[in-house]
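Shown next, in C-alpha cells, is the structure this report addresses.
Just so you know, these numbers come straight off a predicted model, no measurement behind them. Order of the sequence lines sets the chain letters (A, B, ...), proteins ahead of strands, with each chain counted from 1.
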Amino acid sequence: MESRVDRTPNGSEPVLVVRGDLDLASAPALRAAIIGAVEPGRDLTIDLSAVDLVDSTGIGCLIGALRRVRQAGGDVALRDPRPRVLDLLELCGLDSVFTIVSTREVGDRP
Amino acid sequence: MNRLVELAFPSRTDYLAVARLVVVAAASIEPALGEERLDNLRLAVSEACTNAIEAQQASGATQEEILVRCQIDDERIAVEVLDQGGGFDPDTVPELPEPDRPERLDHESGLGLTLIRLLTDETQIVSSSQGTLIRIIMYREPSAQMAS
C-alpha cells in the first residue's frame, strides 16, 4: 500500500490518497497514515479510487479513522470507492456511516 | 473433473495477497465463477487467511505454516484454510453494535467471520485448541446450492 496527503482544491482540508489493497498486511501503514493526516477541527477525505480490495481489517482502519477524526472535531469522507468496495460498505451497513463522495463523471471507468 | 490446488504459506501478512491470488487463479479455471462471485471468494479467502495468521500469531505458532486447499470440480470450488492457532468458539463470537450506534466506532475488528458467511454459499468452521479449519464453498451456479 502507498499513500500520500494532498489538500482539497481550496487548500483547507487534507486528502489521504491511498493506493493498493487495504488488508492485514497494509493495516499498520494505513493506520499510521491516517493518524498523520488527522488535523484538529478539519475534515479528512480518504481517496479510495486506486484501492482494489478492502477487507474487514481495512474496514476496521476506516472505522478507526472516523473515530479519530470525529474526536478531533471533523468528519471523514470516502472519495471514489470502486463499486466492489462500495458493495462491501453496504454489506456491512457502513455506507450510511461514512460520507461517500464521487468525482467521477458517469461512464468513467474506475 | 476433480482438481486439487494446495498452498502452504508462512504465518506472515505479506503472504495474504499470494493466498488470494492462488485461490482466485484456481477458481478462474474454466468453467470459472462469475466475476462478482470470484470477488466474493477472494474477499472470503482474505478473511479466512487473516483469521489464520492472527490466530497463529496470538498463540505463538508463528513457525507453523498455514494450509490453503482448493478442491475444484464441475459444480463448485471448496476452499479450506487450516491453521494451528489456539482456536475459538465460532458460536460465541460477539455481535457488533448496529452501524448507526456511536459505540460501533469503538470496534475496528470482528467483521471477518460475518463477511465470510455473507459472501459464500456455505461456510463450515471447525475449531479446537489445536487449530481451526474454515471451509468455504462456492457453487459455479448459485442455484446448484439448492439442488445439492
Side-chain angles (χ1 to χ4, degrees), chain A residues 1-2 19-32 34-35 38 44 46 51-76 78 81-100 109-110, chain B residues 9-21 23-24 34-58 66 81 83 93 95-120:
Chain A
M1 187 214 75
E2 300 170 16
R19 177 184 297 273
D21 294 338
L22 306 188
D23 61 7
L24 187 65
S26 62
L30 178 59
R31 286 196 188 97
I34 288 166
I35 290 169
V38 175
L44 172 65
I46 302 177
V51 171
D52 188 47
L53 177 137
V54 180
D55 70 8
S56 68
T57 308
I59 291 278
C61 291
L62 298 177
I63 288 172
L66 190 55
R67 187 184 66 250
R68 288 185 175 92
V69 172
R70 285 186 177 171
Q71 286 171 345
D75 210 346
V76 170
L78 304 180
R82 294 184 178 187
R84 68 180 60 155
V85 174
L86 200 51
D87 288 347
L88 178 64
L89 290 169
E90 289 173 359
L91 191 63
C92 299
L94 294 169
D95 54 315
S96 58
V97 174
F98 292 97
T99 302
I100 312 284
R109 291 180 67 85
Chain B
F9 68 91
S11 185
R12 285 175 27 193
T13 60
D14 47 355
Y15 279 85
L16 261 181
V18 177
R20 290 194 295 258
L21 275 173
V23 173
V24 168
E35 186 177 353
E36 183 178 348
R37 294 172 63 71
L38 211 51
D39 283 340
N40 289 348
L41 177 63
R42 181 169 70 141
L43 196 50
V45 167
S46 193
E47 301 296 348
C49 291
T50 293
N51 190 77
I53 292 169
E54 289 185 324
Q56 291 203 174
Q57 290 181 345
I66 292 164
V81 177
D83 70 61
V93 176
E95 284 192 17
L96 292 169
E98 291 297 316
D100 59 345
R101 301 291 305 166
E103 59 267 30
R104 177 66 183 86
L105 301 187
D106 296 328
H107 299 264
E108 293 188 25
S109 61
L111 264 177
L113 291 179
T114 301
L115 279 181
I116 292 173
R117 289 178 170 129
L118 286 172
L119 293 167
T120 62

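- To the nearest 0.5 Å, atom CG of residue B/L16 and atom CG of residue A/L24 are 5.5 Å apart.
- Annotation: side chain of B/R42 is in contact with side chain of A/L53 (closest heavy-atom distance under 4.5 Å).
- For the atom pair CG (A/L91) and CG (B/N40), the distance works out to 8.0 Å, reported to the nearest 0.5 Å.
- The contact between A/D21 and chain B is made entirely by side chain atoms (from C-beta outward), counting heavy-atom distances below 4.5 Å.
- Residue contact with chain A, scored on non-hydrogen atoms closer than 4.5 Å, is absent for B/L96.
- Put simply, OG1 on A/T57 and CD on B/E54 are 5.5 Å apart, with the number rounded to the nearest 0.5 Å.
- To the nearest 0.5 Å, the span separating CG on A/D55 from CG on B/L111 amounts to 10.0 Å.
- Of all heavy-atom pairs spanning B/P99 and A/V97, the tightest one is O-CG2, 3.3 Å.
- In this structure, B/L115 and A/C92 have side chains that are in contact, with non-hydrogen atoms separated by less than 4.5 Å.
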> Going through the checks in order, is the salt bridge (charged side-chain N to carboxylate O under 4.0 Å, His left out) test met by A/R67 and B/E103?
Replying inline: CA-CA 10 Å; A/R67 187 184 66 250; B/E103 59 267 30; over 6 Å; no

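- When atom types are taken as modelled, the side chain of B/E47 and the backbone of A/S56 share a donor-acceptor pair closer than 3.5 angstrom.
- With a 4.5 angstrom heavy-atom cutoff, A/L62 does not touch chain B via any of its atoms.
- Going from atom CD of A/Q71 over to atom CG of B/L105 covers 9.0 Å, rounded to the nearest 0.5 Å.
- Within the 4.5 Å cutoff, the side chain of B/R104 has heavy atoms near those of the A/L94 side chain.
- With a 4.5 Å cut-off on non-hydrogen atoms, A/D95 does not touch chain B at all.
- For B/R12, no part lies under 4.5 angstrom from a heavy atom of chain A.
- The number of heavy-atom neighbours closer than 6.0 Å to CZ of A/R70, taken from other residues, nucleotides and ligands shown, is above 12.
- Taking CG from A/L88 and CG from B/L119, the interatomic distance works out to 7.5 Å, rounded to the nearest 0.5 Å.
- Atom CZ of A/F98 has more than 12 neighbouring heavy atoms from other residues, nucleotides or ligands inside a 6.0 Å radius.
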> Are B/E36 and A/R84 close enough, and set up right, to give a salt bridge (charged side-chain N to carboxylate O under 4.0 Å, His left out), and what steps lead you there?
Replying inline: CA-CA 8 Å; B/E36 183 178 348; A/R84 68 180 60 155; over 6 Å; no

